[in-house]
There are 2 protein chains.
Amino acid sequence: MNNKEIQEQRMKGYFMQATKELLKGEGLKSLNVRNIAQQAGYSFATLYNYFKDVKELVFLCVDDFQQECAAEITQKVNGVPGGPAKIKAITKAYMAYFVQYPSVFNLFFIEKLGDIGQKQPTANLIFTFLDRLTADDWDYCRKKYNLQENDITVAKAELNYITAGMLLFYMNRIQPASYSDFSEAIDIQINAIVDRIEISKA
Amino acid sequence: MNNKEIQEQRMKGYFMQATKELLKGEGLKSLNVRNIAQQAGYSFATLYNYFKDVKELVFLCVDDFQQECAAEITQKVNGVPGGPAKIKAITKAYMAYFVQYPSVFNLFFIEKLGDIGQKQPTANLIFTFLDRLTADDWDYCRKKYNLQENDITVAKAELNYITAGMLLFYMNRIQPASYSDFSEAIDIQINAIVDRIEISKA
DNA sequence: AAATATAATTAACATTGTTAAATATATAAT
DNA sequence: ATTATATATTTAACAATGTTAATTATATTT
């Protein structure tokens with residue numbers, strides 16, 4: 001990287017940092033180009049020298065949020081023995097993260113990706129996130145219980161879709177109506193999927 | 001209903017009709033108060049004499065769309081024998097409807113409900129939609145296969161969450177990347193859930 | 001037919017994303 | 001070191017949108 005590139009990356013970083021702070025703080029309500037720029041210490045028009053539009057900037061934060069989320073999960077499930085129990089724990093922690101940061105949920109799942117071709121890699125990153133978080137433990141299960149590759153693929157997809165669906169209903173439609181009901185529903189669904197795998201060995 | 005109420009209902013109907021036409025036609029891009037009012041044959045300010053805001057108007061359309069969707073499904077699954085096969089067919093037709101009308105998907109699942117208390121009944125309507133569509137056939141299964149009430153409750157919730165999650169990923173993130181892949185994934189997931197119930201009788 | 005209430009429209013405002021014009025700052029050339 | 005040029009930043013301006021206020025038209029009542 002030459003000087004120009006270094007400086008450009010720095011500027012991008014300032015705007016991304018500002019965006020992340022706003023998203024985790026005030027949330028989507030106060031996320032607009034003027035607030036972002038103010039938080040970054042620049043005028044709003046400067047933003048357009050470094051990003052095509054605000055959507056590009058916002059979606060560039062996905063990667064950072066995933067790393068932060070993964071770190072929180074790792075810390076949270078520390079001590080849980082590998083295998084089915086860990087898959088459950090990771091999945092629950094994954095959901096808890098989005099409940100804690102609704103704006104990140106919005107960014108990951110709701111926000112429309114304007115330029116389709118450009119952001120397909122990001123969409124893929126989001127789609128595969130839970131799979132990557134649980135990959136090691138699924139592998140462990142496959143070996144331990146001598147499971148079919150295909151059964152695992154289906155179970156992984158099931159977990160991915162169910163967590164997205166539950167979060168969608170809870171975050172956007174407040175269904176179930178209380179967090180404790182939601183939490184209970186999570187347990188039921190996750191256990192149903194993961195326990196099924198264990199049973200299938202029999 | 002007195003005259004005033006009749007006239008008021010009529011006016012609301014005009015605006016709702018306009019909203020539905022725009023949503024099914026041009027989609028969300030061109031859904032704004034000015035377009036709605038023009039389609040209804042009134043000025044945009046008139047809208048505010050009949051609705052608190054545009055969100056109220058838009059969410060009032062949920063009921064009509066559900067009826068339309070239910071009618072399409074009923075017609076589509078006509079001839080499918082009741083029971084597991086019909087649950088599968090209904091669920092697939094339910095998803096196909098949202099793929100056909102992305103704006104309706106947005107209204108049902110994505111659009112933020114502004115006033116929380118006011119629109120909770122609507123949120124509940126959306127949450128229970130698939131359950132209501134398949135209720136008869138689940139009941140049929142319960143009797144035929146002598147199933148546990150609880151197993152059915154979990155399976156229903158599973159279907160509800162998985163369909164929402166799959167639609168979310170496909171509509172908002174284009175994952176899977178092609179409709180045929182998506183369609184295949186639907187089959188796999190729906191079959192996995194419904195077939196499990198049949199097997200559990202053994 | 002005039003007075004009053006009701007409904008509808010136009011005008012106006014605030015917020016937002018984006019672009020164009022203007023200004024400041026850094027780099028290069030003499 | 002000073003001027004000329006390129007680059008970066010900011011201010012001004014625009015278009016789109018949801019909403020409210022002021023104005024005008026229409027209906028109802030006296």
Side-chain angles (χ1 to χ4, degrees), chain A residues 1-19 22-23 25-61 103 106-107 110-116 118-119, chain B residues 1-19 22-23 25-61 103 106-107 110-116 118-119:
Chain A
M1 278 208 300
N2 59 32
N3 282 358
K4 191 180 169 182
E5 286 170 331
I6 289 173
Q7 290 162 18
E8 193 174 315
Q9 278 310 115
R10 244 178 228 147
M11 289 295 290
K12 286 195 180 189
Y14 299 148
F15 283 107
M16 284 171 65
Q17 184 59 32
T19 304
L22 283 174
L23 279 179
E26 300 294 315
L28 275 181
K29 298 167 298 299
S30 58
L31 190 80
N32 59 62
V33 286
R34 283 162 178 84
N35 282 349
I36 292 171
Q38 182 180 18
Q39 182 84 359
Y42 287 93
S43 161
F44 58 85
T46 307
L47 194 152
Y48 291 92
N49 286 331
Y50 299 95
F51 306 94
K52 178 181 154 290
D53 53 31
V54 70
K55 280 199 179 301
E56 180 184 347
L57 164 54
V58 164
F59 275 106
L60 278 173
C61 298
S103 300
N106 265 278
L107 170 56
I110 305 294
E111 198 81 15
K112 302 270 183 288
L113 19 80
D115 191 339
I116 192 156
Q118 201 63 238
K119 306 206 189 68
Chain B
M1 278 209 299
N2 58 32
N3 283 358
K4 192 181 169 181
E5 285 171 332
I6 289 173
Q7 289 162 17
E8 194 174 315
Q9 277 312 114
R10 244 178 229 146
M11 288 296 290
K12 287 196 180 187
Y14 298 148
F15 282 107
M16 286 171 63
Q17 184 60 31
T19 304
L22 284 174
L23 279 177
E26 300 294 314
L28 275 180
K29 298 168 297 300
S30 58
L31 190 79
N32 59 62
V33 287
R34 283 162 179 84
N35 281 351
I36 293 171
Q38 183 178 18
Q39 182 84 1
Y42 287 93
S43 161
F44 59 84
T46 307
L47 194 152
Y48 291 91
N49 286 332
Y50 299 96
F51 306 94
K52 178 180 156 288
D53 53 31
V54 69
K55 280 198 178 305
E56 180 184 345
L57 164 56
V58 165
F59 275 107
L60 278 173
C61 298
S103 300
N106 265 278
L107 170 57
I110 305 294
E111 197 81 15
K112 303 269 185 286
L113 19 79
D115 188 340
I116 192 157
Q118 200 64 239
K119 305 207 190 68

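In what follows, chains are A, B, ... by sequence order, proteins preceding strands, each numbered from 1. Just so it is clear, the structure is predicted and the values come from calculations on it, not from any experiment.
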Atom [atom1] of [X] and atom [atom2] of [N]: how far apart are they, to the nearest Å?
| X | N | atom1 | atom2 | value |
| --- | --- | --- | --- | --- |
| Ile36(B) | dG18(D) | CD1 | P | 7 Å |
| Met11(B) | dA7(C) | CE | P | 9 Å |
| Leu28(B) | dG18(D) | CG | P | 11 Å |
| Asn35(A) | dG17(C) | CG | P | 9 Å |

Before giving the answer on salt bridge (charged side-chain N to carboxylate O under 4.0 Å, His left out), spell out for Lys119(A) and Glu56(A) the whole-Å C-alpha distance, their side-chain angles and the decisive distance to 0.1 Å. CA-CA 8 Å; Lys119(A) 306 206 189 68; Glu56(A) 180 184 347; over 6 Å; no
Phosphate OP1/OP2 of [N] contacted by [X] side-chain N/O (<4.0 Å):
| X | N | answer |
| --- | --- | --- |
| Tyr50(A) | dT9(D) | yes |
| Asn49(A) | dA8(D) | no |
| Ser43(A) | dT9(D) | no |

If you assign each of Asn32(B) and Gly41(A) to its closest nucleotide in DNA chain D, which residue comes earlier from the 5' end?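 Nearer the 5' end of the strand: Gly41(A).
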Which of parallel (below 30°), tilted (30 to 60°) and perpendicular (above 60°) describes Phe15(A) and Phe51(A)? perpendicular
Using a heavy-atom cut-off of 4.0 Å across all strands, would you classify Phe44(B) as base, sugar-phosphate, or nothing? base
CD (Glu8(A)) with more than 12 external heavy atoms under 6.0 Å: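 Above 12, so yes.
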So which one's nearest nucleotide on DNA chain C is more toward 5', Lys52(A) or Ser30(A)?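 It is Ser30(A), whose closest nucleotide lies nearer the 5' terminus.
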